[in-house]
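One structure is given here, and the rest of the page talks about it.
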Amino acid sequence: MSVISSASTPVSKLVKLKSAPFNKLLNITLSLSVLALAACQPTENISDEETVLEKETISDSALSAERTQTIEQLAGVPMQTLATFDPQEIKQGGDTGITITSSESYSKPSSNLTASRKGDFFIGNAFFKQPWVVAPASTDSRDGLGALFNVAACQSCHVKDGRGHAPMTSEDDADSLLIRLAMPATTDEERQQLGNSLIEKIVHPMYGGQLQDRGIQGVPAEAQVTVTWTDKPVTFADGHIETLRAPTFELTHPGYGDFDDELMVSPRVALPMIGLGLLEQIPDADIKKQADSEDRNNDGIRGTFNWVMDPQTGKTALGRFGWKAGQTKLLTQNQSAFNEDMGLTSRIRPNESCTPLQTACLNATTGADDQGDGKSPVEVSDEVARFVEFYTRNLAVPHRRDADSELVLAGKKRFYEIGCQSCHTPRYELPKTDDDHLEQHGQVIYPYTDLLLHDMGDDLADRTIAGALPPKDAQVEFLANSYQWRTPALWGIGLAQTVDPQATFLHDGRARTLMEAVLWHGGEAQSQQQTVLKLDKQGRAELNAFLKSL
């Protein structure tokens, strides 16, 4: 049995992957790279509406002049406009957005989708929701599951098109969480390939690049995943205690031999599906101009972009999707998920998700069908891939709620004054391009993300299966290391647990609330986290209200 822990040190013969020692949680830092956000020292009572709304009370001094200028250029409006009530921001997904605030909030098409194009959306929805089956089967369009896989349907991970959660107990399944794997480079050739983004990672020779905890009949699963939780209290300056939980993931019943001690292991919950087509339309140049890997402006924030190999074109390109920004566009993201999560082949990922040493997997019957073009048969046809891409491109972002309320605006003021927008870039103006992405063309959007990688610190860094922190030069997903996470979009986050009450936050699902996510952050925003811990009850309520309104 191997234990992947975020709570304790290695014990006896159990092998553990853990977060850095918890030590003094008052020093856990808030990286602006993920969901969490900070706020400033408690200020005047928010009942004074004039004080809350007055633009002159908003300061951008927490950001460098260079970063402020970049944000304003991308937004097309001054920082003061962004930081106060902006009626346009209610439609954070632009004209694609919807007003639904129910469990279906993440599952509706772009509101500007014409009737003639809705058919493709609903066909794509069917392939996203319906389970694939083991071949051979009478359902030719949906057979070929496995031989090794995690789930049988996309919706099993993305519950109601939302975010996943870690297993709640040792008996719970891990359907909406997966385990990514990587080995350290050991030769100059491997290091050169990684440095030039010619390969994604060094995969394990037996277990590959992702653990698959299910197999069809006659094919052993690679391992089983369970989790236990350890409470970790954190005390605010006013004495309020927030109880965090640290996960200990266990990999049990290895199907193909013991795991290597240096194997780097990364638990990851499914990300929400909303607004992905809008994020895809943000120009590469807008993302690159925000990168500051050398911290030239001395603000402690070092955003970097991932440069990845596009499996469709065979050329390197900017990564923007996934927890490590390891995918260039939705088409490749979808096909990679089909392949690694469900064991399905496609034009972009034509090989079964078996390693050369997994003979039972390699010899299993496939559901591949001839596409009639002389190329190798595949299980996900180009037509199905197109429908699913269209669906994932057009899942609408819900409008904001109560964006003009005093409490929300007080929380927004804190968010901006502390500099949370340094990583959570608020607004973009999308271009009109020459592609078929008609619904996304020219939209003004408020995703609150720079789509860059940020160092989240030791506590949220992935570990080796032996429990050690990997070196920072060990790449695990193209240029990304174990400490770096892509800033996720915040839009719709206030409805996450309306869509699925079990939804959790951060890459491994450890945070049950947004404040827990704030307190787990580390790395590039220590001063912001320290300020959060000074918030009184009123300040915490304000910040939470703003986040809930997104």
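- Side-chain atoms of Gln281 and Thr433 form a donor-acceptor pair, as typed in the model, at a separation below 3.5 Å.
- A donor-acceptor pair shorter than 3.5 Å can be found between the side chains of Thr425 and Gln290.
- None of Glu200, Arg268, Arg486 except one satisfies the side chain to side chain contact (heavy atoms under 4.5 Å, CB included) rule with Lys324; the exception is Arg268.
- Screening Glu340, Gln212, Gln210 against Ser353 for a side chain to side chain donor-acceptor pair (under 3.5 Å) leaves a single residue, Gln212.
- Remark: Arg386 does not engage Asp382 in a salt bridge, criterion side-chain N to carboxylate O under 4.0 Å.
- Both tests do not hold together for Arg142 against Trp132: distance to the six-membered ring centre under 6.0 Å, angle to the ring axis within 45°.
- Under the 3.5 Å distance criterion, the side-chain polar atoms of Gln358 are matched with a main-chain donor or acceptor of Met206.
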#### Entry: Evaluation steps, salt bridge (Lys or Arg N to Asp or Glu O under 4.0 Å), between Lys160 and Glu104
CA-CA 7 Å; Lys160 290 185 176 293; Glu104 298 298 315; 3.2 Å; yes
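- Between Tyr391 and Phe128, the angle of the ring planes lies from 30° to 60°, which puts this pair in the tilted group.
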### Query
Given the rule in the side-chain hydrogen bond (donor to acceptor under 3.5 Å, both in side chains) test, do Ser197 and Trp307 qualify, once you have shown the distances and angles that lead to the verdict?
CA-CA 6 Å; Ser197 296; Trp307 198 243; 5.5 Å; no
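- Between Lys472 and Asp455 there is a salt bridge, since at least one side-chain N of the basic residue sits less than 4.0 Å from a carboxylate O of the acidic one.
- Judged purely by distance below 3.5 Å, without hydrogens or angles, the side chains of Asp450 and His424 never pair a donor atom with an acceptor atom.
- Salt-bridge annotation for Lys329 and Asp310: present, with a side-chain N of the basic residue lying under 4.0 Å from a carboxylate O of the acidic one.
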